[in-house]
Amino acid sequence: MLRPLTDAEVAGHVADIARDGYAILPDAIPEAFRQEIREELARLETVRPGGDIPPAPFTGRVTRRWFDLLNDGEVWQRVAVHPWILQILPHVLGEGFLLSTMGSAVIGPGEPAQPIHVDDGVYAFPRPHPNLVCNTMWALTDFTEETGATRVVPGSNAWDHDPDPRTAYETLPLLMPPGGIAFVVGTCFHGAGENRSDRDREALTINYCNGSMRQQENLMLAVSPGRMMTFAPELQDLLGFRVCKGAGHIFAQDPRREMQRHYGGTDASDPYLETRNSLHARRTARRGD
Ligand SMILES: O=C(O)CCC(=O)C(=O)O
């Protein structure tokens, strides 16, 4: 069991992220949990060998990346709601932030360094801009210079331009023993280091976004509604079961209400439930389904 972070610890990490673009939390993954995740990665290698995407220069030639993990082992549901991440991210991305994409980055020996990039480039907003994305890098094995620890350009989160592929930036490695989690805000220039060792560097990239942004992975379509209904409420909220600043509603309500109406667990306190039920019955009768 992880103890909660103190308010001072949360404030310290949030200040580091604001100033440098990143922060490291050692001992964030209890040993049994870390082993459970590694066993799940080993299982994925047997069912989807080599990962979900073909070899490519940016994502790696000998790097295995599996996606849409909420359709796989139950352990991913616990990864997404890591308590320390949920304590820190409201102060980085604002209340109502969402899970954006969950992936693995198992970097094989000999993989060259990844190009320096930013994780919020998918939105193409002019810089500097408020935090839209924050990635969390989970070190499942040693993050060292040799194994290809993620490299960051400290302070680049404040810069007014995107990374230039022709520039050789001065970078620092995010050194972590197994069990560390590093936060890398979406504006911070970074990339995986070269793996010069003879073993895999096993990591997760669990990425969150501001609640008004579109999630990078199409989570609401990728995971079947019946399956989402079995998830813990805090995970459902991260998937979009709650309205954020007026966005994301169904019948002008939190999606949770409509999901419960369809898939069970109806909320008796919903004042519009009866009206919506009868509207829905009329629409489906018209469609003949
Ligand atoms: O694996 C890493 O160290 C960084 C991964 C990354 O930045 C990415 O895949 O976008």
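Just so you know, ligand 1 is whichever comes first in the structure, and atom 1 is the first atom listed for that ligand. We're numbering straight along the sequence, starting at 1.
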| query | Does a donor on one side chain sit under 3.5 Å from an acceptor on the other, for Asn195 and Ser197? | reply | yes
| said: Tell me the protein heavy atom at minimum distance from atom 5 (C) of ligand 1, and give that distance in Å. | reply: Gln114 OE1, 3.6 Å
| task | Mind telling me whether His190 and His117 have parallel, tilted or perpendicular rings, with 30° and 60° as the class edges? | result | tilted
| Which of the atoms of ligand 1 are close to Ala105, meaning less than 4.0 Å from one of its heavy atoms? | 1 (O)
| To the nearest 0.1 Å, how far is atom 10 (O) of ligand 1 from its closest protein heavy atom, and which atom is that? | His117 NE2, 2.9 Å
| said: Quick one about Arg201 and Thr147 (side-chain donor to acceptor, distance below 3.5 Å, no hydrogens or angles considered), yes or no? | reply: no
| remark: of all protein heavy atoms, closest to atom 1 (O) of ligand 1 is Arg201 NH2, 2.8 Å
| said: Is it true that Glu31 and Gln35 share a donor-acceptor pair across their side chains at a distance under 3.5 Å? | reply: yes
| request: Answer yes when Arg127 and Asp160 have at least one side-chain N-carboxylate O distance shorter than 4.0 Å, and no when they do not. | output: no
| note | Per-atom filter on ligand 1: closer than 4.0 angstrom to a heavy atom of Asp119 are 10 (O)
| request: Give me the one residue out of Glu217, Met102, Met228 that meets side chain to side chain contact (heavy atoms under 4.5 Å, CB included) with Leu70. | output: Met102
| Between Val184 and ligand 1, which residue portion shows a heavy-atom distance shorter than 4.0 Å: side chain, backbone, both, or neither? | neither
| field | Protein contact of atom 2 (C) of ligand 1 - nearest heavy atom, named by residue and atom, plus distance | value | Ala192 CB, 3.3 Å
| said: For atom 3 (O) of ligand 1, what is the closest protein heavy atom, and at what distance to 0.1 Å? | reply: Thr150 OG1, 2.6 Å
| field | Modelled atom types, side-chain donor and acceptor of Gln215 and Ser100, under 3.5 Å | value | no
| field | Leu2 reachable from Val81 in the ILVMFWY side-chain graph, under 4.5 Å edges | value | yes
| query | Under a 4.0 Å heavy-atom limit, does Arg151 contact ligand 1 with its side chain, its backbone, both, or neither? | reply | neither
| task | May I ask you to identify, for Arg65, whether its side chain, its backbone, both or neither come under 4.0 Å of ligand 1 on a heavy-atom basis? | result | side chain
| said: For ligand 1 and His190, I'd like to know whether there is a polar contact (N/O to N/O, distance under 3.5 Å). | reply: yes
